[in-house]
Amino acid sequence: MTPASPTLSATARLTHPERPLWPAAAGLAGPFTKRDLANYLEVVAPWLLLHLRGRPLVLTRYPRGITGPSFYQKNVPPGAPGWLASFPDRPVGGRAVDYPIVGDARGLAWLAQQAAIEFHPWSARALDPERPDRAMIDLDPEPPAGFADACAVARAARQLLSLGGLRLWCKTSGATGVHLCLPIRPAWPHRDVVAVVRALGLRLAEWLPGRVTLERAVARRSGRVYVDYLQNRRGQTVCAPYSPRALPGAPVSMPLAWEDLGGDPPVRWHLLSVPERLRRRGDAWADLAEGGRQDLRQVIRACAAPLPDTP
DNA sequence: GAAACCC
DNA sequence: GGGTTTCAACGCGGG
DNA sequence: CCCGCG
Ligand SMILES: [Mn+2]
Ligand SMILES: [Mn+2]
């Protein structure tokens, strides 16, 4: 047998392409196979890679599909291709980790082969790892609060931050929550971002009494929307824009224009529908880079401003 | 999914 | 050779 | 101090 052609990069091979990663689920899109995942990643690559490139990456992998065993992966696994970039992190007093960094379509193909389903990039770049260039505001509704409540809190956050002249971008988490992105000048350490997002959460709780909580303990959240400000700590992450989720129906964390947030349930955005939407309407976060590099301190100003009428 | 580990 | 294990883990809020 | 949490 002749050896594989070196022009067909061995790393692009996809084994078990028909393996169902998302089994059929009643009333939802799918089933979706490993090949579906690879195809999806190939199509959304130009937009997804914008948020992976240069950032340490944490993966969640499901080699036998979302109903099978799973694991997080921080380190570049042994046997990974030599061209894969990485970020060696040796935090003082912590265990050393060598995070993968995916920056091109060939990296995405490798992720599909690895059955890596969820992509969790750092909010800081590897070249400036101590200073995040975005604050992520993770809104987790605690039942009976749901997606609509998270959207309402998201819009309130947008209005509040506008008092400081700040622009905010939104996406579905893919589950029932919402993720907000505040691009900032990378000038403050992670702990400052935590403190500022906490202050924002406290102000939201003031503005929307009984609808917002900062309580860590689930039992004490009592049907409110949890502002998970601690997700901004060093090494903590939320899933990337356009990352698939390991949930029935293969939902995707979907960036949306503010006018569209809440117009559809989160499962509306999945492995098949997102590429079509991107082709027709483009990327709702296309202007994030140009609106970026905002001043984190303006959040404090916004929170000190008089509260508008309750939205 | 793939390697390291163990008998 | 083949079955099994590993693949993150800590800082912190709050009682 | 211990537990829960992500
Ligand atoms: Mn969330
Ligand atoms: Mn969360």
Side-chain angles (χ1 to χ4, degrees), chain A residues 10-21 33-35 37-38 41 56-82 84 86-100 107-123 136-143 150 173-179 189-195 197-199 201-202 205 212-222 224-240 243 245-247 253:
Chain A
T11 56
R13 193 167 118 240
L14 192 73
T15 62
H16 310 294
E18 302 307 327
R19 165 116 73 218
L21 294 186
T33 64
K34 197 170 160 185
R35 170 175 288 129
L37 173 63
L41 295 179
L57 186 62
V58 180
L59 305 172
T60 66
R61 295 179 51 192
Y62 295 76
R64 311 215 299 183
I66 66 167
T67 55
S70 70
F71 54 93
Y72 287 83
Q73 192 160 270
K74 290 188 170 182
N75 281 286
V76 173
L84 186 70
S86 72
F87 169 64
D89 185 33
R90 22 199 164 336
V92 283
R95 183 194 287 205
V97 177
D98 193 30
Y99 293 89
L108 294 178
W110 174 72
L111 291 175
Q113 170 57 19
Q114 296 295 106
I117 285 183
E118 298 190 351
F119 313 141
H120 296 83
W122 275 28
S123 57
M136 298 304 305
I137 301 151
D138 176 26
L139 302 178
D140 295 332
E142 175 65 18
S173 77
T176 61
V178 171
H179 294 158
H190 293 85
R191 25 187 357 100
D192 289 8
V193 179
V194 171
V197 174
R198 175 169 180 271
L202 288 170
V212 174
T213 178
L214 304 203
E215 287 287 354
R216 276 285 265 174
V218 170
R220 307 181 87 252
R221 290 182 193 165
S222 60
R224 310 182 197 203
V225 175
Y226 174 51
V227 179
D228 191 357
Y229 63 96
L230 292 168
Q231 281 303 94
N232 289 284
R233 285 187 326 201
R234 190 183 193 280
Q236 299 290 112
T237 57
V238 301
C239 71
S243 170
R245 303 304 305 274
L247 294 169
S253 180

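Chain identifiers are assigned alphabetically (A, B, ...) following the order of the sequence lines, protein sequences preceding nucleic acid strands; residue numbering begins at 1 within each chain. Because the structure is a prediction, the values reported are computed rather than measured.
Rounded to a whole Å, the CD atom of A/E118 is 14 Å from the C1' atom of C/dA8. The distance between atom CZ of A/R221 and atom P of D/dC5, rounded to the nearest whole Å, is 8 Å. The separation between A/Y99 atom OH and C/dC7 atom P is 14 Å, rounded to whole Å.
Ring geometry for A/H190 versus A/W122: interplanar angle over 60°, hence perpendicular rather than tilted (30 to 60°).
Residue A/V218 is in sugar-phosphate contact alone, with no base atom involved, counting any heavy-atom pair closer than 4.0 Å across all strands shown. Contact annotation for A/D228: backbone-only contact, meaning every heavy-atom pair under 4.0 Å involves sugar-phosphate atoms and none involves a base.
In this structure A/E118 satisfies the salt bridge (charged side-chain N to carboxylate O under 4.0 Å, His left out) test together with A/R245, sequence neighbours excluded. Residues meeting the side chain to side chain contact (heavy atoms under 4.5 Å, CB included) test with A/K34, sequence neighbours left out: A/L14, A/T15, A/L21, A/Q113. When the salt bridge (charged side-chain N to carboxylate O under 4.0 Å, His left out) test is applied to A/R64, no partner is found at least two apart in sequence or on another chain.
Within the 4.5 Å cutoff, the side chain of A/Q114 has no heavy atoms near those of the A/L59 side chain.
Between D/dC5 and C/dC7, the two P atoms lie 24 Å apart (nearest whole Å).
Not one N or O on the side chain of A/N75 forms a donor-acceptor pair closer than 3.5 Å with the backbone of A/V97. A/R221 places a side-chain N or O within donor-acceptor distance of the main-chain N or O of A/R216, the cut-off being under 3.5 Å.
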Do nucleotides 9-15 of chain C as a string where each nucleotide becomes B, S or -: B if the base has a protein heavy atom under 4.0 Å, S if just the sugar-phosphate does, - if no protein is that close. S-BSSSS
Quick tally for nucleotides 1-7 of chain B: nucleotides whose base has a protein heavy atom under 4.0 Å get B, sugar-phosphate-only ones S, the rest -, giving BSS----
Donor-acceptor pairs are to be reported for all side-chain atoms of residues 231-238 of chain A against protein atoms at under 3.5 Å, with residues two or more places apart or in another chain.
unit_1 : atom_1 : unit_2 : atom_2 : d
A/Q231 : OE1    : A/Q236 : NE2    : 3.4
A/Q231 : NE2    : A/T237 : O      : 2.4
A/N232 : OD1    : A/M136 : N      : 3.0
A/N232 : ND2    : A/M136 : O      : 2.8
A/N232 : ND2    : A/Y229 : O      : 3.2
A/R234 : NE     : A/E130 : OE1    : 2.9
A/R234 : NE     : A/E130 : OE2    : 3.4
A/R234 : NH1    : A/D89  : OD2    : 3.0
A/R234 : NH2    : A/D89  : OD1    : 2.8
A/R234 : NH2    : A/E130 : OE2    : 2.9

